[in-house]
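Here is the structure we will look at, set down as structure tokens.
Owing to the predicted nature of the structure, the values given are computational and were not obtained by experimental measurement. These numbers come from the heavy atoms of this one structure, side chains and all, not from hydrogens, waters or symmetry mates.
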Amino acid sequence: MKIDLTDTTSSKINKALVEGRRAIGTPAVGMVLTLVLVTDEENAYDALKAANEASREHPSRKLVVVKRFSRSARDRSKARLDAEVRVGVEAGTGETVVLRLYGEVIDHAQSVVLPLLLPDAPVVVWWAANAPDNPAKDPLGTLAQRRVTDTYAAENPIDELKARAAVYTPGDTDLAWTRITPWRSMLAAALDQVDCKVTAVRVEGEELNASCELLGMWLAERLHVPVTRAVSAGPGLTSVRMETDCGTIELRRSDGSLATLAIEGQPDRAVALNRRETSELIAEELRRLDPDDTYASTLRFGVDRLAAADSEKSGDTAQPAKKAASTRTAAAKKAASK
């Protein structure tokens with residue numbers, strides 16, 4: 001069931017939610033949290049679809065905040081709030097309210113969202129696009145226990161990681177970190193199978209991929225060994241090679257779905273390592289609402305502390321790789337001299 005409201009208020013939206021639940025015969029719905037989804041019109045459909053799929057595991061009230069910037073100065077001076085209330089099958093598991101903000105109300109989104117939050121329930125804010133410089137200081141971010149960004153959508157993911165590290169506040173997280181959960185689990189399981197000391201690591205993946213950088217930073221911070229960041233054609237992460245005092249351990253994936261785990265002295269094993277959909281990433285983040293200390297320590301380790309390697313690829317990827325290598329190597333030498 002859909003209810004369209006034009007030039008409305010938060011109180012009218014709450015009334016529409018109650019009327020909608022009564023109309024479909026479910027006056028009470030067990031929802032565990034409020035998910036505030038901040039996006040633009042271009043990405044709203046995909047982001048809401050992912051949130052709806054994630055709500056099968058986490059029934060929630062989804063508040064989609066879409067800021068509509070008017071072209072003319074006259075329209076920008078007029079504050080208006082339009083809403084689309086969805087309950088029942090249209091809303092997945094829970095309820096959905098799509099809020100479109102116009103004019104001066106764009107700068108006061110928190111005032112619109114606050115009366116619509118579920119009482120006594122956690123709040124998670126997810127910026128599907130155009131995340132603020134400091135999520136914890138953002139007016140919407142101050143309402144939440146958990147703040148989710150995605151550096152994958154940033155124009156320069158590496159600079160974005162540095163910016164996130166500078167303003168990190170407990171409760172912040174990023175989907176680039178969530179994407180490497182299966183890799184971290186697989187590598188940790190591989191090390192549990194051997195009694196060896198890791199001496200060096202090489203992480204290979206797409207250039208300017210925040211997940212590759214985070215995985216390298218995590219390995220360097222945890223293992224206290226030098227980690228080299230190499231560039232490949234992708235997709236995403238393609239290989240992690242760990243040199244140990246009793247042989248090489250390598251986890252490589254070339255097609256984005258099936259990976260091979262090779263441990264010296266043991267037969268190679270095929271393992272499922274699919275690139276996951278956004279809905280799966282959001283569902284994972286909603287399973288824990290406490291601060292992620294591992295992410296915090298990894299993020300603060302610093303991208304510049306990873307060494308870079310020249311790409312062995314030929315063609316267009318070679319020059320960017322060499323440029324990145326020289327820049328990162330210089331940064332690493334500078335850090336080591338301090």
H58 vs I282, side-chain contact (heavy atoms from CB on, under 4.5 Å): CA-CA, chis, key distance, verdict: CA-CA 10 Å; H58 310 277; I282 289 297; over 6 Å; no
Just by distance, do the side chain of [X] and the backbone of [Y] share a donor-acceptor pair under 3.5 Å?
| X | Y | answer |
| --- | --- | --- |
| R61 | V32 | no |
| S211 | A176 | yes |
| T96 | G94 | no |
| R253 | L273 | yes |
| R56 | P59 | no |
| Q145 | V123 | yes |
| R179 | T278 | no |

May I ask you to decide whether [X] forms a salt bridge with [Y], counting only side-chain N to carboxylate O separations under 4.0 Å?
| X | Y | result |
| --- | --- | --- |
| R80 | D82 | yes |
| R100 | E41 | yes |
| R300 | E221 | no |

Over 12 foreign heavy atoms within 6.0 Å of [atom1], [X]:
| X | atom1 | answer |
| --- | --- | --- |
| K162 | NZ | yes |
| D133 | CG | no |
| D290 | CG | yes |
| Q193 | CD | yes |

For [X] versus [Y], what's the shortest heavy-atom pair and its separation?
| X | Y | value |
| --- | --- | --- |
| E53 | S279 | OE1-OG, 2.9 Å |
| T199 | V225 | O-CB, 3.8 Å |
| V303 | E213 | CG1-OE1, 3.5 Å |
| R68 | I106 | O-CD1, 3.3 Å |
| P139 | T142 | O-OG1, 2.6 Å |
| I249 | A190 | CG2-CB, 4.1 Å |

Do [X] and [Y] touch side chain to side chain, with heavy atoms closer than 4.5 Å?
| X | Y | answer |
| --- | --- | --- |
| R164 | L299 | yes |
| I13 | L99 | yes |
| V125 | L143 | no |
| C212 | E207 | no |
| K62 | L37 | no |
| P122 | R146 | no |
| K12 | D7 | no |

Would you kindly confirm whether [X] and [Y] end up in one hydrophobic cluster when ILVMFWY residues are joined by side chain heavy atoms under 4.5 Å apart?
| X | Y | answer |
| --- | --- | --- |
| V85 | L81 | yes |
| L191 | V271 | yes |
| W218 | V240 | yes |
| I180 | M217 | yes |
| W126 | V112 | no |

To the nearest 0.5 Å, how far apart are [atom1] in [X] and [atom2] in [Y]?
| X | Y | atom1 | atom2 | result |
| --- | --- | --- | --- | --- |
| T238 | E204 | OG1 | CD | 4.0 Å |
| L289 | T173 | CG | OG1 | 11.0 Å |
| R275 | L237 | CZ | CG | 8.5 Å |
| R276 | L175 | CZ | CG | 9.5 Å |
| L33 | S55 | CG | OG | 9.5 Å |
| D292 | W177 | CG | CH2 | 6.5 Å |

If you measure only the distance, is there a donor-acceptor pair under 3.5 Å linking the side chains of [X] and [Y]?
| X | Y | answer |
| --- | --- | --- |
| D40 | N43 | yes |
| T151 | E160 | no |
| T149 | D174 | yes |

Check against side-chain contact (heavy atoms from CB on, under 4.5 Å), R86 and L48: CA-CA 12 Å; R86 304 178 186 180; L48 182 55; 3.3 Å; yes
With K137 via side-chain contact (heavy atoms from CB on, under 4.5 Å) - residues at least two apart: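 With neighbours one apart ignored, the set is N134.
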Which residues share a side-chain contact (heavy atoms from CB on, under 4.5 Å) with A220, sequence neighbours left out: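 Partners of A220 by the side-chain contact (heavy atoms from CB on, under 4.5 Å) criterion, ordered by chain and then number, come out as V227, F301, L306.
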Residue pair V113, L117: steps toward the side-chain contact (heavy atoms from CB on, under 4.5 Å) verdict: CA-CA 7 Å; V113 168; L117 301 178; 3.7 Å; yes
Whether Y168 and Y295 hold their rings parallel, tilted or perpendicular, with breakpoints at 30° and 60°: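 The arrangement is perpendicular - the two ring planes meet at more than 60°.
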Steps toward side-chain contact (heavy atoms from CB on, under 4.5 Å) verdict (R269, I263): CA-CA 9 Å; R269 280 165 282 182; I263 301 177; 3.3 Å; yes
Sequence neighbours excluded - side-chain hydrogen bond (donor to acceptor under 3.5 Å, both in side chains) pairs with any residue from residues 180-192: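 Only T181-E284 qualify under side-chain hydrogen bond (donor to acceptor under 3.5 Å, both in side chains).
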Derivation of the salt bridge (charged side-chain N to carboxylate O under 4.0 Å, His left out) call for R21 and E95: CA-CA 9 Å; R21 289 198 298 267; E95 303 169 337; 2.4 Å; yes
